[in-house]
Structures are given as structure tokens and as C-alpha cells.
There are 2 protein chains.
Amino acid sequence: MELILKNIAQHVSLTRQEQELFLSKTEIHHYKAKTILLNSGAICKHSYFVNSGILRSFNINDNIVEHVLTFACEGWWIGDMYSLLSQKPGNLFIEVLEDAEVVLLSKENQEILYREIPKLERFFRILTENSLVANQERLMDNLSLTAEERFEKFCKKYPTLIQKVAQKQIASYLGVTPEFFSKMKSKMLRKQ
Amino acid sequence: MELILKNIAQHVSLTRQEQELFLSKTEIHHYKAKTILLNSGAICKHSYFVNSGILRSFNINDNIVEHVLTFACEGWWIGDMYSLLSQKPGNLFIEVLEDAEVVLLSKENQEILYREIPKLERFFRILTENSLVANQERLMDNLSLTAEERFEKFCKKYPTLIQKVAQKQIASYLGVTPEFFSKMKSKMLRKQ
DNA sequence: AAGGACACTTAATCTAGATTAAGAAAGGAG
DNA sequence: CTCCTTTCTTAATCTAGATTAAGTGTCCTT
């Protein structure tokens with residue numbers, strides 16, 4: 001069974017026909033690492049669901065410093081929520097970090113699906129709710145924890161990502177420079 | 001017309017009967033400043049909609065430092081999303097900063113309303129989407145802007161809050177100490 | 001197999017913002 | 001009006017993490 005149908009089934013149950021209708025509104029694409037799926041300044045037309053591989057969304061500050069907003073690996077959704085909802089140019093990039101198979105759901109098809117399968121409105125509401133909760137927690141963590149504590153939490157929460165993703169990507173996600181991250185990491189290893 | 005109905009009408013249109021059903025599932029309460037509506041460790045049973053006054057949600061780190069997650073004034077919703085959704089104990093407090101009239105919508109009634117008025121599923125989805133977008137922007141701002149830049153953005157975004165809310169609350173929202181905030185503010189005044 | 005581009009490390013120096021402390025101003029309860 | 005608590009200010013000192021710089025490792029690409 002398709003991963004994306006399993007993902008939906010976790011929150012709402014679709015009939016066989018509804019599943020087929022849903023799939024008919026999506027496209028599967030294959031991308032090589034380093035492919036940019038969305039550029040800053042462009043309008044985000046799709047939600048992306050990762051079947052395999054790893055993507056990330058990030059912005060660039062003053063044309064220099066990158067900041068990772070999210071990683072997405074197997075079974076995760078990713079997109080530029082702001083641009084997708086407003087259909088205005090966003091400031092996020094979406095990039096492939098590891099060769100990926102991705103399901104694309106266009107904004108128009110998503111809205112057609114809301115009309116034809118109202119249960120999907122519930123599904124995406126729940127998805128957005130969970131995303132908001134995770135975001136709020138990360139925000140509070142950034143306000144109240146040290147870089148070291150944030151890193152420990154990250155390791156517990158995304159144990160698989162640490163092996164697969166370049167260290168500077170994790171540093172960027174945590175909000176520290178790669179140099180400081182390297183120093184911090186070796187300090188933590190020496191301790192424990 | 002009730003403020004909360006106007007709020008809903010911004011995104012979905014309800015019939016007269018639906019409006020009355022909705023209101024019948026809510027309660028209005030009046031609270032004095034400093035009232036705690038939700039305690040850390042408690043389970044959040046309601047969404048709160050502010051008719052007048054100001055509320056805030058915050059957590060406390062190591063029993064010492066407070067961090068403001070959100071302010072809510074006239075026309076805004078507030079709650080502990082994590083606890084409300086999971087019905088597990090949360091770690092947020094919700095407190096009244098300025099005497100307030102508040103509409104309470106219990107979790108159970110919210111679910112009843114989803115069943116009886118499916119359009120409300122759409123309404124709360126949109127609300128959550130907007131909240132997520134705002135949160136992501138704030139997260140990226142915290143990663144990439146200085147305290148001064150964040151303060152300027154805050155002033156533009158919430159001009160009314162600055163006069164009404166204690167300075168240390170704004171400092172806490174921005175993620176700096178009240179002492180540093182005071183120093184920064186007077187430095188900015190001297191400049192411009 | 002060699003070269004070049006990144007990714008990571010280490011170390012010295014620097015700074016935004018924290019901490020500590022103490023006084024001034026402002027608000028609220030009696 | 002007065003006392004008491006809380007908020008705000010100012011200033012000295014301190015630190016987590018940034019910046020700069022140089023060296024090492026690694027993995028594509030040809």
C-alpha cells in the first residue's frame with residue numbers, strides 16, 4: 001500500500017474509491033540531491049510528500065546565512081505554507097538533500113479534494129495542528145534552552161537524521177554556526 | 001453582531017441557525033487582571049476567544065524565567081494547542097493581563113460543532129494554518145534577526161500592544177531580559 | 001589517480017545579550 | 001495620602017555563541 005495512503009489512514013479512513021481519486025490528483029517525481037524544488041521569491045504551487053530521500057526548507061538572510069526551517073524525510077510533508085496559502089511569493093527554498101521520490105499535490109487539486117472528499121479537510125487540519133504544536137515547542141525551546149540542550153532534544157526526536165544529514169544543516173536548524181556546533185559536539189563527547 | 005461571529009464570517013459563512021447553534025455551545029466569562037485561566041501541568045479544556053482585554057500564554061523555565069508564547073487581545077483566539085489536542089497536561093500558563101471578557105469553547109463542544117456544522121472544520125483549519133504561518137515566521141526571525149530588528153517588527157505588527165502591555169512582557173516575547181530590553185530601547189530612542 | 005570543491009576542526013578574538021546589583025519611578029491596596 | 005510591591009532604568013561585569021582564519025579530511029568529477 002502506498003505510503004501516502006497509510007499517512008492519511010492514520011487520521012481519517014477513505015474508501016477504495018476515495019483513495020483512487022486522491023491518488024489520481026497527485027504526481028510522483030524523482031529528484032537528485034541538490035535539486036531546488038522551490039526558489040525564494042517564487043510562488044509555491046504544491047505540497048510535497050516524501051516517499052524516500054530527504055528534503056529541507058530554508059531561507060537566506062542578507063544573501064549570506066542560511067537557516068533551516070524543516071527537514072522532511074520518509075513519510076513527511078513539506079512546503080512553503082505561507083506562499084502556498086496566500087499564493088504570493090515566499091522566501092523559502094526547498095531543496096533535495098538526498099535523492100528523493102516525492103508525491104506532489106497541487107494547490108488546485110488540494111482544493112478540489114476538499115470539495116469532493118470533505119474528510120480530507122479534517123486530515124489536513126490535523127496535520128496543520130500537529131505542525132503548529134511542534135513549531136510552538138521549537139520556538140519555546142529556542143527561547144529557553146541552550147544550544148547544547150536543543151541538540152540533545154534534536155537527537156532524541158530525529159535520531160535517523162543525524163547520520164544522514166550534513167552537520168552544518170543541523171547547526172543551521174539549531175540556530176548556531178557550524179564552527180560553534182563542531183566545538184560544542186566535541187566538548188559533549190569529551191564529557192560523556 | 002457578536003465579535004466571534006464576525007471572526008467566523010471572515011472565513012466561512014454560517015446561516016442564522018448555525019450561528020445560534022454555535023453560540024449555544026459557548027460561554028462568556030469575565031476575568032480580572034492577573035487571573036490564571038490555565039495552569040502549567042493542567043489539561044486545557046477550552047479554546048478562548050477574547051472579546052475585550054488582553055491575555056497571554058507563557059511557560060516557566062527551571063521555575064524562574066517566564067517566556068511569552070502569545071498575546072491575545074480583542075478578536076484573537078488563545079489556548080494551549082498541545083494540551084487541548086492531546087488532552088494531556090501541558091506546560092503553558094494562560095493569564096489575564098488586562099480585565100477581559102472571554103468566550104469559552106470546550107473541546108467537547110468544538111467536536112460536536114465539527115459534526116453538526118462541517119464548515120467549522122474549514123474555519124478552524126484556516127485559523128490553525130494562519131497561526132502556523134505566523135509561528136514559522138517568528139521562528140525564522142528568532143534565528144536570523146537581532147533583538148532590535150525583532151522589536152521593530154513587533155512594533156509594526158502589534159502597535160496597540162506596546163502601550164497596553166508591561167515592557168517586561170514584550171521583552172519576554174522577544175526573547176531578551178527586561179534589563180537588556182530597557183537598554184536597547186533607550187539606545188534606539190537616542191538614535192532616531 | 002589527481003584535482004578541486006566542500007565539509008569539518010581547532011583556536012584566537014570579539015560582541016550581543018545575560019547576570020548582578022542598586023536606585024528611581026510608578027502603580028495599587030488600604 | 002502613604003506604604004508596599006512591582007516595574008523600569010542604569011551600569012559594571014561576565015559568557016554563550018559569532019567571527020575570522022588556517023589547516024585537515026573527504027568525496028565527487030573527470
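Chain naming here is simple, since letters A, B, ... match the order of the sequence lines and numbering starts at 1 in each.
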salt_bridge([X], [Y]) N-O dist < 4.0 Å:
| X | Y | value |
| --- | --- | --- |
| A:Glu137 | A:Lys153 | yes |
| A:Lys157 | A:Glu152 | no |
| A:Asp141 | A:Arg150 | no |
| A:Glu129 | B:Arg125 | no |

Please name the residue in the list B:Leu127, B:Leu3, B:Ile117, B:Leu14 that meets the side chain to side chain contact (heavy atoms under 4.5 Å, CB included) test with B:Ile8.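 Per the side chain to side chain contact (heavy atoms under 4.5 Å, CB included) rule, the option paired with B:Ile8 is B:Leu14, out of B:Leu127, B:Leu3, B:Ile117, B:Leu14.
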Quickly work out the [X] [atom1] to [N] [atom2] distance and round it to whole Å.
| X | N | atom1 | atom2 | value |
| --- | --- | --- | --- | --- |
| B:Met184 | D:dA11 | CE | P | 18 Å |
| A:Lys185 | D:dG17 | NZ | C1' | 18 Å |
| A:Glu179 | D:dT24 | CD | P | 17 Å |
| B:Lys168 | C:dA18 | NZ | P | 15 Å |
| B:Phe180 | C:dT20 | CZ | P | 17 Å |
| B:Leu97 | D:dT6 | CG | P | 15 Å |
| B:Arg190 | D:dT10 | CZ | P | 8 Å |
| B:Lys187 | C:dG17 | NZ | P | 9 Å |

Report yes if at least one side-chain N or O of A:Lys183 is closer than 4.0 Å to OP1 or OP2 of D:dA16; otherwise report no.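 No, A:Lys183 has no side-chain N/O under 4.0 Å of OP1/OP2 on D:dA16.
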Whether A:Thr177 contacts D:dG17 is assessed here as follows: a side-chain N or O lying under 4.0 Å from the phosphate OP1 or OP2. Is that the case?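 No, because none of the side-chain N or O atoms of A:Thr177 sits under 4.0 Å from OP1 or OP2 of D:dG17.
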Does any donor atom in the side chain of A:Thr70 or A:Ser57 lie under 3.5 Å from an acceptor atom in the other side chain?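 Yes, A:Ser57 and A:Thr70 have a side-chain donor paired with an acceptor closer than 3.5 Å.
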Inter-residue atom distance B:Thr160.OG1 - B:Glu74.CD, 0.5 Å rounding: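 Reported value, rounded in 0.5 Å steps: 9.5 Å.
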Assuming nearest nucleotide by heavy-atom distance, tell me which of B:Phe181 and B:Lys34 is located more 5' along DNA chain C.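 On the 5' side of the pair lies B:Phe181.
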So if I take residues 137-167 of chain A and measure heavy-atom distances to DNA chain D, which residues fall below 4.0 Å?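 Within this stretch, A:Thr146, A:Ala147, A:Arg150 sit under 4.0 Å of the strand.
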Does any residue of residues 169-176 of chain A have a heavy atom under 4.0 Å from DNA chain D, and if so, which ones, in number order?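 Per residue number, the list reads A:Gly175, A:Val176.
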Start with the C-alpha distance between A:Glu179 and A:Lys183, add both sets of side-chain angles, then the distance that settles salt bridge (charged side-chain N to carboxylate O under 4.0 Å, His left out), and finish with yes or no. CA-CA 6 Å; A:Glu179 294 87 353; A:Lys183 187 167 97 180; over 6 Å; no
Have a look at B:Tyr114 and tell me which of B:Gln110, B:Glu116, B:Glu111 forms a side-chain hydrogen bond (donor to acceptor under 3.5 Å, both in side chains) with it.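 Testing each of B:Gln110, B:Glu116, B:Glu111 against B:Tyr114, the sole residue satisfying side-chain hydrogen bond (donor to acceptor under 3.5 Å, both in side chains) is B:Gln110.
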